[in-house]
Amino acid sequence: NPFTGWEVTIPTVSSATPAAAAAGKLVTILGAGFLGATAVKFGAVSATEFVVVNGSTILAVMPAGSPGSAPVTVTTPGGTSTALAYTRGA
């Protein structure tokens, strides 16, 4: 395999900051396996926009929605991460 180290894996999300971001605010998501990400969700709602900075960092814009629970997930060709508990701000 000429692409050693580029194996497709299920991503993992370890943190999302700042806490309680409101709609339109930037959220930094840290973890692993983010290369090739096709979706970032806060609860059931897709991020307004997102950019994969590197394999361990994604910058995402919080979509509109009600304040409260909005678990973060990242989807790549390898699958979807386990949800990370997150609370959306007002």
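Residue numbers count from 1 along this sequence.
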Given the rule that I, L, V, M, F, W and Y join up when any side-chain heavy atoms are under 4.5 Å apart, are [X] and [Y] in one cluster?
| X | Y | value |
| --- | --- | --- |
| Leu26 | Val51 | yes |
| Val53 | Leu35 | no |
| Tyr86 | Val61 | no |

Rounded distance [0.5 Å steps], [atom1] in [X] versus [atom2] in [Y]:
| X | Y | atom1 | atom2 | answer |
| --- | --- | --- | --- | --- |
| Thr75 | Phe34 | OG1 | CZ | 11.0 Å |
| Ile10 | Thr76 | CD1 | OG1 | 8.0 Å |
| Ile29 | Ser56 | CD1 | OG | 12.0 Å |

State whether the side chain of [X] and the backbone N or O of [Y] hold a donor-acceptor pair below 3.5 Å, judged by distance alone.
| X | Y | value |
| --- | --- | --- |
| Ser14 | Leu30 | yes |
| Arg88 | Ser66 | yes |
| Ser81 | Val74 | yes |

task = Dump the intermediate steps for side chain to side chain contact (heavy atoms under 4.5 Å, CB included) on Phe42 and Val72, then the final yes or no.
result = CA-CA 5 Å; Phe42 293 90; Val72 179; 3.7 Å; yes
Minimum heavy-atom separation for [X] to [Y], with atom names?
| X | Y | value |
| --- | --- | --- |
| Ala37 | Val52 | CB-CG2, 3.7 Å |
| Gly79 | Pro11 | O-CD, 3.4 Å |
| Ala23 | Ala64 | CB-CA, 3.7 Å |
| Met62 | Thr48 | O-OG1, 3.6 Å |
| Lys25 | Ala21 | CB-CB, 4.1 Å |
| Ala90 | Pro67 | CA-CG, 3.6 Å |

